[in-house]
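In what follows, a single structure is set out as structure tokens and then discussed.
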2 protein chains.
Amino acid sequence: MNKVEQILKILSDKNRLRIYKMLEAKRCCVCEIAYVLQIKQPSVSQHLKKMKDAGLIMSEQEGLWTNYYLTPTSQPYEKILLSVLSEWLGSDEIIQKDIEQIKSVDREMIPKE
Amino acid sequence: MNKVEQILKILSDKNRLRIYKMLEAKRCCVCEIAYVLQIKQPSVSQHLKKMKDAGLIMSEQEGLWTNYYLTPTSQPYEKILLSVLSEWLGSDEIIQKDIEQIKSVDREMIPKE
DNA sequence: CATCCATATAGGCAGTTGCCTATATAATAA
DNA sequence: TTATTATATAGGCAACTGCCTATATGGATG
């Protein structure tokens, strides 16, 4: 039950749901996500840390950038749960705009606060 | 997204997950749930209120007792999500004990504090 | 009516959350 | 090395959570 509870807790936050869907669309760095969510970079880092600790996402260094991406889950229940959530969220307007935006954003061009 | 978020938030609590599975097993009154969860009656009432506000459960008066039961959902995504969660939780030891206990408990015989 | 009983509500408290600003870290570039 | 840049971490703060105790509510019964 703890694993279920943990995943539900992690995903029961609007911004983390948005992050999840963005990472589904493409690998993202912290500043891209911060730009789309319109919150400060440290807040994004904290969300990503929680999601990473829960095993939902992973990261890879690319120079100065850290690219985050979804963990390819093999656990059947988790897999199904996430895909249902993903589909459900797919019909959300904000999510749709996020995906559009994250796909077109250029990480080199993001104004630095 | 708000609906998704709300449901995830409601279910991201261990005791509420246990309540959900108990109500799946049978209609329960507050004192039965309090007995199984080993928490005080007001705490159970509060959990139930939240779950009811989220539309997850409903209640019906039966004399002094209030019987709670799962809302028959027609919303497809919610339905699938809940059934996946339910299956996943079905393999949990604590949940299994809860179900056994809630099925055999006699509401007339619960020691009053 | 008055009492009893199951449940609901109010209020308090400690722990958690999500955001922020300030600062540290680590990789790159000059 | 020093400066720059992206990210991580620390610390603070207001809001929220889940539990408790005390009390209110309302149906059932004598």
Side-chain angles (χ1 to χ4, degrees), chain A residues 1-2 5-20 22-23 27-54 57-69 105-113, chain B residues 1-2 5-20 22-23 27-54 57-69 105-113:
Chain A
M1 176 159 40
N2 295 328
E5 197 193 353
Q6 186 193 23
I7 289 189
L8 292 176
K9 208 153 256 159
I10 289 298
L11 292 176
S12 66
D13 174 88
K14 192 164 187 164
N15 281 335
R16 284 194 293 268
L17 285 175
R18 294 172 73 183
I19 291 174
Y20 186 89
M22 282 189 238
L23 294 183
R27 292 190 168 215
C28 305
C29 67
V30 178
C31 62
E32 290 172 322
I33 296 171
Y35 174 72
V36 174
L37 292 185
Q38 294 281 33
I39 60 177
K40 299 295 176 187
Q41 168 267 315
S43 304
V44 174
S45 283
Q46 281 168 4
H47 282 307
L48 291 169
K49 182 169 172 28
K50 284 180 190 177
M51 295 174 77
K52 196 173 177 183
D53 288 346
I57 63 174
M58 304 172 70
S59 65
E60 201 178 48
Q61 208 65 23
E62 178 192 345
L64 277 176
W65 285 289
T66 308
N67 291 316
Y68 284 88
Y69 56 97
V105 76
D106 180 354
R107 61 172 64 172
E108 308 274 7
M109 292 306 194
I110 295 172
K112 15 205 125 297
E113 173 66 7
Chain B
M1 176 159 40
N2 296 327
E5 197 192 353
Q6 186 192 24
I7 290 190
L8 293 176
K9 208 153 255 160
I10 290 298
L11 293 175
S12 67
D13 175 87
K14 191 164 186 163
N15 281 336
R16 285 195 291 268
L17 286 175
R18 293 172 72 182
I19 290 174
Y20 187 90
M22 282 189 239
L23 294 182
R27 290 187 171 220
C28 305
C29 67
V30 178
C31 63
E32 289 173 324
I33 296 172
Y35 175 72
V36 174
L37 291 185
Q38 294 280 34
I39 60 177
K40 300 294 176 187
Q41 168 267 314
S43 303
V44 174
S45 283
Q46 283 168 2
H47 282 307
L48 291 169
K49 181 170 174 25
K50 285 180 190 177
M51 294 174 78
K52 196 174 177 181
D53 288 347
I57 63 175
M58 305 171 70
S59 65
E60 202 177 46
Q61 208 65 23
E62 177 192 345
L64 279 176
W65 284 287
T66 308
N67 291 316
Y68 284 88
Y69 56 97
V105 77
D106 180 357
R107 59 173 65 170
E108 308 274 8
M109 291 307 194
I110 294 173
K112 12 204 129 299
E113 174 67 9

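Note that the structure is a prediction, hence the values are computed from the model and not measured. Within every chain, numbering begins at 1; the chains are lettered A, B, ... in the order of the sequence lines, protein sequences first and strands thereafter.
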Fill in the blank from the handout: Separation of C/dT7 atom C1' from B/I57 atom CD1, nearest Å, is 13 Å
Fill in the blank from the handout: A/I110 CD1 to D/dA6 P, in whole Å, measures 9 Å
Handout entry: For B/E32 against B/I110, the heavy-atom pair lying closest together
Key = CA-CD1, 3.7 Å
Practice task
Output yes when A/R27 and A/E62 qualify as a salt bridge under the 4.0 Å nitrogen-oxygen rule, no when they do not.
Solution key: no
Would you list the protein and nucleotides 24-30 of chain C atom pairs, both N or O, that sit under 3.5 Å from each other?
none

Problem - Side-chain heavy atoms of B/I39 within contact of B/H47, under 4.5 Å - result: yes
Problem - Atom-pair distance (CZ on A/R18; C1' on C/dG18), nearest Å - result: 14 Å
Problem - Heavy-atom closest contact (B/N15 atom, B/D13 atom, distance) - result: N-OD2, 3.0 Å
Practice task
Return the value, rounded to whole Å, for the distance between atom CD1 of A/I19 and atom C1' of C/dC19.
Solution key: 13 Å
Fill in the blank from the handout: Between A/N2 and B/K14 the two heavy atoms that sit nearest each other are OD1-NZ, 3.3 Å
Anything under 3.5 Å between a protein N or O and an N or O of nucleotides 14-20 of chain D, put it in a table, one pair a line.
| from | atom 1 | to | atom 2 | distance (Å) |
| --- | --- | --- | --- | --- |
| D/dG18 | OP1 | B/D13 | OD1 | 3.2 |
| D/dG18 | OP1 | B/R16 | NH2 | 2.9 |
| D/dG18 | OP2 | B/R16 | NH1 | 3.0 |
| D/dG18 | OP2 | B/R16 | NH2 | 3.4 |
| D/dG18 | OP2 | B/K50 | NZ | 2.6 |
| D/dC19 | OP1 | B/N15 | ND2 | 2.5 |
| D/dC19 | OP2 | B/H47 | NE2 | 2.2 |
| D/dC20 | OP2 | B/K40 | N | 3.0 |
| D/dC20 | OP2 | B/S43 | OG | 2.7 |
| D/dC20 | N4 | B/Q46 | NE2 | 3.4 |

Exercise for the section: Taking all non-hydrogen atoms of both residues into account, name the closest pair between A/M22 and A/V36 and its distance. Expected result: CE-CG1, 3.8 Å
Fill in the blank from the handout: In whole angstroms, the gap separating C1' of D/dT7 from OH of A/Y68 amounts to 7 Å
Practice task
Identify whether any heavy atom of B/T66 sits under 4.0 Å from a base atom; if not, whether one sits that close to sugar-phosphate; answer base, sugar-phosphate or nothing.
Solution key: sugar-phosphate
Practice task
Using the test side-chain hydrogen bond (donor to acceptor under 3.5 Å, both in side chains), find all partners of A/S43 that sit at least two apart in sequence or belong to another chain.
Solution key: none
Problem - Rounded distance in Å - CD (B/E60) to C1' (D/dG27) - result: 15 Å
Problem - Shortest non-hydrogen contact between B/K40 and B/A34, atoms and distance - result: C-CB, 4.5 Å
Practice task
Answer yes or no: does atom OH of A/Y20 have more than 12 heavy-atom neighbours from other residues, nucleotides or ligands under 6.0 Å?
Solution key: yes
Problem - Comparing A/K49 and A/E108 on DNA chain D - which has the more 5′ nearest nucleotide - result: A/E108
